[in-house]
K.L.:
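Take a look at the following structure, please.
The shown structure was predicted, so the numbers you read here are calculated from the model rather than taken from an experiment. Below, chains carry the letters A, B, ... as their sequence lines are ordered, and counting in each starts from 1.
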Amino acid sequence: MNREFFARSVHEVARDMVGCTLAVGATAGIIVETEAYDATDPACHAYIGRTARNEVLFGPPGIAYVYLSYGIHSLLNAVAEPEGSAAAVLIRALEPTEGIELMRERRGHKARTLDSSTRLTLNQLCSGPGKLTEALGVGLDLNGAELLAPPFELSDRDPAWDDAEIVTGPRIGITKAAELPWRYCAAGSRFVSRPWPAAAPAERAA
DNA sequence: GCCAGGATCGTCT
DNA sequence: GACGATCCTGGCG
């Protein structure tokens, strides 16, 4: 994994990030869902042109773009395409692999009424862009940080994922350009934020 | 199980 | 002063 990986079409990067492992400090997970945003796209923060908020999007690839959504959630993106081309990949869901108890501690207070154990199940930890940043401890302070250096660590897709099926569909939670099929998911993963496609292909052997 | 509503704040008009 | 690339909860069936 290197900077060249990100200096390509944001759609290729979004697709190829599925199956890669993202670590932040002692926590890590396999990326199972992403979305692509580019500057020709009304839903992209860079669409309106360069501002103080979206400046990171116009910079070099391989950098974290973190912003606050709904005043509550930090959302994590990877800046893609060569410098000057503003595009990013939103990381929407992870399959947790390391630091799971730490993730539970960070997210556990939201589990009050789930059941008597008040304990989040594995696929409740990172199954959404706001959830995974909370589980990994990613906040606005990491906006502009290098994704290829601590506390981040991004690893190539495990060979077991090389023939994994990646499915695409409409992006989630946006009002502008909602019809563009720029969401990328690991087919059949139970860790995605929402099932896609509606009739999921048969589960691949684990 | 589904849906409506509230939380909460940085950014831009 | 309005608006989100969201998440959780409570009410109802």
K.L.:
With sequence neighbours left out, write down each residue that passes ring-ring contact (aromatic ring centres under 6.0 Å, His included) with A/F58, or none if nothing qualifies.
P.N.:
none

K.L.:
Do A/T133 side-chain atoms and A/G130 backbone N/O form a donor-acceptor pair below 3.5 Å?
P.N.:
yes

K.L.:
Treating A/E35 as the side-chain partner and A/I172 as the backbone partner, does any N or O pair qualify as donor plus acceptor under 3.5 Å?
P.N.:
yes

K.L.:
Hey, can you tell me if A/H45 and A/Y67 have their rings parallel, tilted or perpendicular (30° and 60° cut-offs)?
P.N.:
perpendicular

K.L.:
Could you tell me how far apart A/R194 (CZ) and B/dC2 (P) are, to the nearest whole angstrom?
P.N.:
12 Å

K.L.:
Find the distance A/R107:CZ to C/dT6:C1' and express it as a whole number of Å.
P.N.:
11 Å

K.L.:
I'd like a list of close polar pairs between nucleotides 5-13 of chain B and the protein, N/O only, cut-off under 3.5 Å.
P.N.:
{"unit_1": "B/dT8", "atom_1": "O2", "unit_2": "A/Y70", "atom_2": "O", "d": "2.4"}
{"unit_1": "B/dC12", "atom_1": "OP1", "unit_2": "A/T51", "atom_2": "OG1", "d": "2.3"}

K.L.:
Is the charged tip of A/R171 near the ring of A/Y37: under 6.0 Å from the six-membered ring centre and within 45° of its axis?
P.N.:
yes

K.L.:
Do any N or O atoms from the side chain of A/N54 and from the backbone of A/T51 form a donor-acceptor pair under 3.5 angstrom?
P.N.:
yes

K.L.:
What does A/K131 touch in the nucleic acid at a heavy-atom separation under 4.0 angstrom: a base, only the sugar-phosphate, or nothing?
P.N.:
sugar-phosphate

K.L.:
Rounded to whole Å, please give me the gap between NE2 in A/H45 and C1' in C/dC3.
P.N.:
11 Å

K.L.:
Report the distance from atom CG of A/L180 to atom P of C/dA5, rounded to the nearest whole Å.
P.N.:
14 Å

K.L.:
If the cut-off is 4.0 Å, is A/R183 near the phosphate of C/dA5, judged by side-chain N/O to OP1 or OP2?
P.N.:
no

K.L.:
Is it the case that the side chain of A/R106 and the backbone of A/L136 share a donor-acceptor pair, with hydrogens and angles ignored and the cut-off at 3.5 Å?
P.N.:
yes

K.L.:
Could you give the CG-to-P distance, from A/L90 to C/dG4, as a whole number of Å?
P.N.:
16 Å

K.L.:
Looking at A/F6, I'd like to know if the NZ or CZ of A/R8 sits under 6.0 Å from its six-membered ring centre while staying within 45 degrees of the ring's axis.
P.N.:
no

K.L.:
Got a minute to check which stems DNA chain C is part of, using Watson-Crick or G-U wobble pairs under 3.5 Å, three or more consecutive?
P.N.:
B:1-7 with C:6-12, B:9-12 with C:1-4

K.L.:
Give a yes/no on whether any side-chain N or O of A/R171 is located under 4.0 angstrom from OP1 or OP2 of C/dT6.
P.N.:
no

K.L.:
I'd like to know whether CD of A/E153 has more than 12 heavy-atom contacts from other residues, nucleotides or ligands below 6.0 angstrom.
P.N.:
no

K.L.:
Could you tell me the separation between the CG atom of A/D38 and the C1' atom of C/dA5, rounded to a whole number of Å?
P.N.:
14 Å

